[in-house]
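The structure under discussion appears below in the form of structure tokens.
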Amino acid sequence: MTSAEEVKRDELAGFLKVLPPVEFSCVYGSTLHPNNRDKSSMVDYIVGVSDPLQWHSENLKRNRDHYASWMVHVGGAKLITEIADEIGVGVHFNPFVTWNDKMLKYGVVRMHDLLQDVLRWDRFYLSGRLQKPVHILLDNLDIENANSSNLRAAVSAALLLLPHEFCEEDLYAKICSLSYMGDLRMLFAEDRNKARKIVQGQFSLFQSMYKPFLEEYETKNMIRFSSCGSHKANIFQNINLSTTSSLVSLLPQAMRNHMGMKLGEQKRIAESGRVVCDVMISSREEAAKCMQKVLRRTVMMSSARQAVSGFLTAGGLNAVRYLGKKMAKAWKSRT
């Protein structure tokens, strides 16, 4: 890490001193764009805590103005936590927080829920966020290590949806698009070219994130790189049924369970002696379509739940303000 990067990291981490103690924190979004010089853009944080109810109770004492006024007066920390867990996907966002001449948004999540989503894709909400470049500021429980399985699964899912030959940018754009499949915001409030733009703006970060997994897949003869000398090399993948089965087996358990219910399962005895259920695959196209359908439904449900939760907890004015910014970007991309 360069001295400039260390200064930026320390500056971003400074906000955590305003909050009650957290177990995990990362920054994401346009803040990480190497060429981002828009000082007015919102800085996005995710913070993981062991007990959201207790944490919000303490944060309300310290930072009452971070919350919508009606939430503070009507239900406080208990209502905030209940809406996040029962209506949303376990994440409460406080947008439009002003600190140190910056505009911030931070999402608060229970550490158990964060870990489950990263490992299982039950909700495919924060797991999708962590498949893109993030700047980790604090990681007491080694979420970065657990996220390796999430990144490996993202590569597998993307490869299933890509043809025999594609370029490196195509791969990262496909990975980036996974968490937008079925997202209701993409219909009217998001830039339709968002995935491609994210990759183009942070290409070197995607490369460093996914290099170990691409090397792993190359060693297993699942993919191979062209020797064209370009830093955006072409990639060729093996598309036979054996490789397809291997890719599906690397998807999270929740995803495989849903696919198994649709395509059927067959049992086998693993080397450990444990009975394992494999998804029955008759063609690559069938497996890819099934996975895409399951993923799209998961994202659609999560985005709908989080939209309702966000509208309630952020307050009507903030929700409209945030949506207005999103829609402005979306319409700009379509004109």
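Any value given below was found using the heavy atoms of this structure, including those in side chains, with hydrogens, waters and symmetry copies removed. Every value quoted in this text rests on a predicted model; they were computed, and no experiment measured them.
S156 contributes atom OG, which lies 11.0 Å from atom CG of L151 (distance to the nearest 0.5 angstrom). For the atom pair CD1 (I235) and SG (C167), the distance works out to 8.0 Å, reported to the nearest 0.5 Å. In this structure, OG in S57 is found 12.5 Å from CZ in R62, a value given to the nearest 0.5 Å. Rounding to the nearest 0.5 Å places CG of L79 at 11.0 Å from CG of L53. Once rounded to the nearest 0.5 Å, the distance linking CD of E216 with CZ of R152 reads 4.5 Å. Summarising the geometry, atom NZ belonging to K132 is positioned 2.5 Å from atom OG belonging to S179; distances are rounded to the nearest 0.5 Å.
Taking the ring axis of F225 as reference, the NZ or CZ atom of K211 does not stay both within 45° of it and closer than 6.0 Å to the ring centre. F236 carries R224 over the face of its six-membered ring, with the cationic atom under 6.0 Å from the centre and within 45° of the normal.
In this pair, Y125 and F93 present their aromatic rings perpendicular. The plane angle is above 60°, beyond the 30 to 60° band. Taking the six-membered ring where tryptophan is involved, the planes of W55 and Y106 are perpendicular, since the angle between them exceeds 60° and thus also 30°.
Side-chain heavy atoms closer than 4.5 Å link hydrophobic residues (I, L, V, M, F, W, Y) into clusters, and following such links, even through other members, never connects V155 to I239. Under the 4.5 Å side-chain heavy-atom criterion for grouping Ile, Leu, Val, Met, Phe, Trp and Tyr, W121 is connected to L263 within one hydrophobic cluster. A continuous path of ILVMFWY side-chain contacts below 4.5 Å connects L214 to F203, so both sit in one hydrophobic cluster. Linking ILVMFWY residues whenever their side-chain heavy atoms come closer than 4.5 Å, directly or via other members, leaves M301 and L312 in distinct clusters. One hydrophobic cluster, built from ILVMFWY side chains closer than 4.5 Å, cannot hold both M261 and V279; they sit in different ones.
Of all heavy-atom pairs between A153 and L251, the closest is O-CD2, 3.8 Å. Nearest approach of D183 to V299, heavy atoms of both residues: N-CG1, 3.6 Å.
Counting heavy atoms from C-beta outward, Y67 and H92 have side chains that approach closer than 4.5 Å. N238 is not listed as a side-chain neighbour of M222, based on a closest heavy-atom distance of 4.5 Å or more.
Identified under the side chain to side chain donor-acceptor pair (under 3.5 Å) test for residues 285-303, with sequence neighbours left out: S282-E286.
Taking 4.0 Å as the cut-off between side-chain N and carboxylate O, E265 and R256 do not count as a salt-bridged pair.
D44 places no side-chain N or O within 3.5 Å of a backbone atom of V27 that could act as its donor or acceptor partner.
By the ring pair (Phe, Tyr, Trp, His ring centres under 6.0 Å) test, H258 pairs with no residue at all, sequence neighbours left out.
Screening I143, L130, D139, L138 for a side-chain contact (heavy atoms from CB on, under 4.5 Å) with C26, the sole residue that qualifies is L130. Considering S127, P252, S149 in turn, S149 is the only one that fulfils the side-chain contact (heavy atoms from CB on, under 4.5 Å) rule with L119.
More than 12 heavy atoms of other residues, nucleotides or ligands lie within 6.0 Å of CD in E82, so this atom counts as buried by the packing criterion.
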